[in-house]
Peer 1: 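Handing you a structure now.
Because only heavy atoms are used, hydrogens play no part in the values below, and waters and symmetry mates are left out as well, while side chains stay in.
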Amino acid sequence: MTLQISVDATSATAPYEQLREQIAAGARDGALPVGHRLPTVRGLAEDLGLAANTVAKAYRALEADGVIETRGRHGTFIAAAGDAAHRRTALAAADFARTAHRLGLDHAAARAAVEDALRAVYG
């Protein structure tokens with residue numbers, strides 16, 4: 001399996017974010033299955049013509065999101081992110097609900113705030 005990543009230098013989206021988005025999408029849709037070994041930071045940076053710090057930043061963000069895991073000298077791999085993503089989303093939703101309730105929003109107002117935020121992000 002070959003990692004197919006491309007970075008558009010003319011895009012308004014930062015290169016590390018383009019890289020993060022593409023790897024996360026590949027993990028979500030199964031194109032990058034759990035356990036798939038990713039290239040080294042330096043190797044991927046060289047392949048894409050990016051600075052190693054750019055790739056490292058993307059890898060750090062992906063690791064923080066639970067999409068990838070680093071196993072020391074053994075490399076970086078796609079993690080079982082589905083469970084981690086669902087847990088983090090559930091925690092964020094619970095935190096939002098507590099905050100909305102504490103601020104005095106009723107159920108309809110809280111739901112409307114969520115719908116507005118989802119429309120802003122998902123279109």
Side-chain angles (χ1 to χ4, degrees):
M1 175 176 303
T2 303
L3 181 64
Q4 295 183 354
I5 301 287
S6 62
V7 175
D8 180 0
T10 64
S11 173
T13 304
Y16 89 90
E17 181 60 20
Q18 292 179 53
L19 180 59
R20 189 205 62 75
E21 286 176 2
Q22 290 177 57
I23 292 173
R28 268 193 315 275
D29 67 20
L32 297 172
V34 172
H36 176 78
R37 186 176 183 171
L38 294 172
T40 64
V41 167
R42 288 186 183 177
L44 186 55
E46 185 177 306
D47 289 347
L48 297 175
L50 297 172
N53 286 340
T54 300
V55 176
K57 185 175 182 178
Y59 275 22
R60 283 191 303 272
L62 288 161
E63 191 161 27
D65 289 344
V67 175
I68 65 173
E69 59 186 6
T70 301
R71 300 179 192 159
R73 301 183 88 185
H74 298 286
T76 302
F77 300 84
I78 298 296
D83 292 339
H86 286 106
R87 273 195 312 275
R88 289 192 63 192
T89 302
L91 288 172
D95 186 49
F96 168 79
R98 283 190 298 274
T99 301
H101 185 264
R102 186 174 56 248
L103 294 173
L105 274 68
D106 64 14
H107 188 92
R111 181 183 298 272
V114 169
E115 290 296 332
D116 289 345
L118 290 170
R119 265 191 301 282
V121 172
Y122 288 96

Peer 1: With a 4.5 Å limit on heavy-atom distance, are the side chains of Leu105 and Thr99 in contact?
Peer 2: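 They are not in contact (no side-chain heavy atoms under 4.5 Å apart), so the answer is no.
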Peer 1: Can you give me the closest heavy-atom contact between Val41 and Ala56, atom names plus distance?
Peer 2: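 Closest approach of Val41 to Ala56: CG1-N, 3.8 Å.
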Peer 1: Do you know which of Ile5, Leu62, Thr13 makes side chain to side chain contact (heavy atoms under 4.5 Å, CB included) with Leu19?
Peer 2: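 When Ile5, Leu62, Thr13 are each tested with Leu19, the side chain to side chain contact (heavy atoms under 4.5 Å, CB included) holds only for Ile5.
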Peer 1: Can you confirm whether Tyr59 sits close enough to Thr76 that some side-chain heavy atom of one is under 4.5 Å from a side-chain heavy atom of the other?
Peer 2: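 Yes, side chains in contact.
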Peer 1: How far apart are the closest heavy atoms of Val67 and Ala27, and which atoms are they?
Peer 2: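 Minimum heavy-atom separation between Val67 and Ala27: CG1-CB, 3.8 Å.
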Peer 1: Of the non-hydrogen atoms in Ala79 and Gly66, which two are nearest, and what is the gap between them?
Peer 2: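 Heavy-atom minimum between the residues: CB-O, 3.5 Å.
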Peer 1: Please test Leu38 against Leu44 for side-chain contact (heavy atoms from CB on, under 4.5 Å), starting from the C-alpha separation and ending with a verdict.
Peer 2: CA-CA 9 Å; Leu38 294 172; Leu44 186 55; over 6 Å; no
Peer 1: Counting only heavy atoms from other residues, nucleotides and ligands, does the tally under 6.0 Å from CD of Glu46 exceed 12?
Peer 2: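 Atom CD in Glu46 is not crowded, with 12 or fewer foreign heavy atoms closer than 6.0 Å.
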Peer 1: With the threshold set at 4.0 Å, does a side-chain nitrogen-carboxylate oxygen contact exist between Glu17 and Arg20?
Peer 2: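 Yes, charged N to carboxylate O under 4.0 Å.
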Peer 1: Following the transitive rule for hydrophobic clusters with a side-chain heavy-atom cut-off under 4.5 Å over Ile, Leu, Val, Met, Phe, Trp and Tyr, establish whether Phe96 and Leu103 coincide in one cluster.
Peer 2: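 Result: no, two separate clusters.
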Peer 1: In Å and rounded to the nearest 0.5 Å, what is the CG to CD distance from Leu48 to Gln18?
Peer 2: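 Leu48 atom CG to Gln18 atom CD measures 10.0 Å (nearest 0.5 Å).
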Peer 1: Roughly how far apart are Asp116 CG and Arg111 CZ, rounded to 0.5 Å?
Peer 2: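 Going from CG on Asp116 over to CZ on Arg111, the span is 12.5 Å.
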Peer 1: Quick one: does any side-chain atom of Thr70 pair with a main-chain N or O of Gly72 as donor and acceptor, under 3.5 Å?
Peer 2: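 Here the side-chain-to-backbone pair does not exist.
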Peer 1: Please report the interatomic distance CD(Glu21) to OH(Tyr16), rounded to the nearest 0.5 Å.
Peer 2: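 Going from CD on Glu21 over to OH on Tyr16, the span is 9.5 Å.
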Peer 1: Looking at every non-hydrogen atom in both residues, tell me the closest pair between Pro33 and Ala31 and how far apart they are.
Peer 2: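 Smallest interatomic distance, heavy atoms only, reads CD-O, 3.5 Å.
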Peer 1: State whether the side chain of Glu69 and the backbone N or O of Glu63 hold a donor-acceptor pair below 3.5 Å, judged by distance alone.
Peer 2: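 Here the side-chain-to-backbone pair does not exist.
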Peer 1: For the residue pair Gln22 and Ser6, establish whether any side-chain heavy-atom pair is separated by less than 4.5 Å.
Peer 2: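 A side-chain contact exists here, since the closest heavy-atom pair is under 4.5 Å.
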Peer 1: Quick one: are Phe77 and Ile68 in side-chain contact, heavy atoms under 4.5 Å?
Peer 2: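 The answer is no, as the side chains (C-beta and beyond) never meet within the 4.5 Å cut-off.
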Peer 1: Which heavy-atom pair separates Thr54 from Pro15 by the least distance, and what is that distance?
Peer 2: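 Heavy-atom minimum between the residues: CG2-CB, 4.0 Å.
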Peer 1: Roughly how far, to the nearest 0.5 Å, is CD1 of Ile78 from CZ of Arg28?
Peer 2: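 Arg28 CZ to Ile78 CD1: 11.0 Å, rounded to 0.5 Å.
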Peer 1: Would you call Val7 and Leu50 a side-chain contact if the rule is heavy atoms closer than 4.5 Å?
Peer 2: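 Yes - at least one pair of side-chain heavy atoms lies under 4.5 Å apart.
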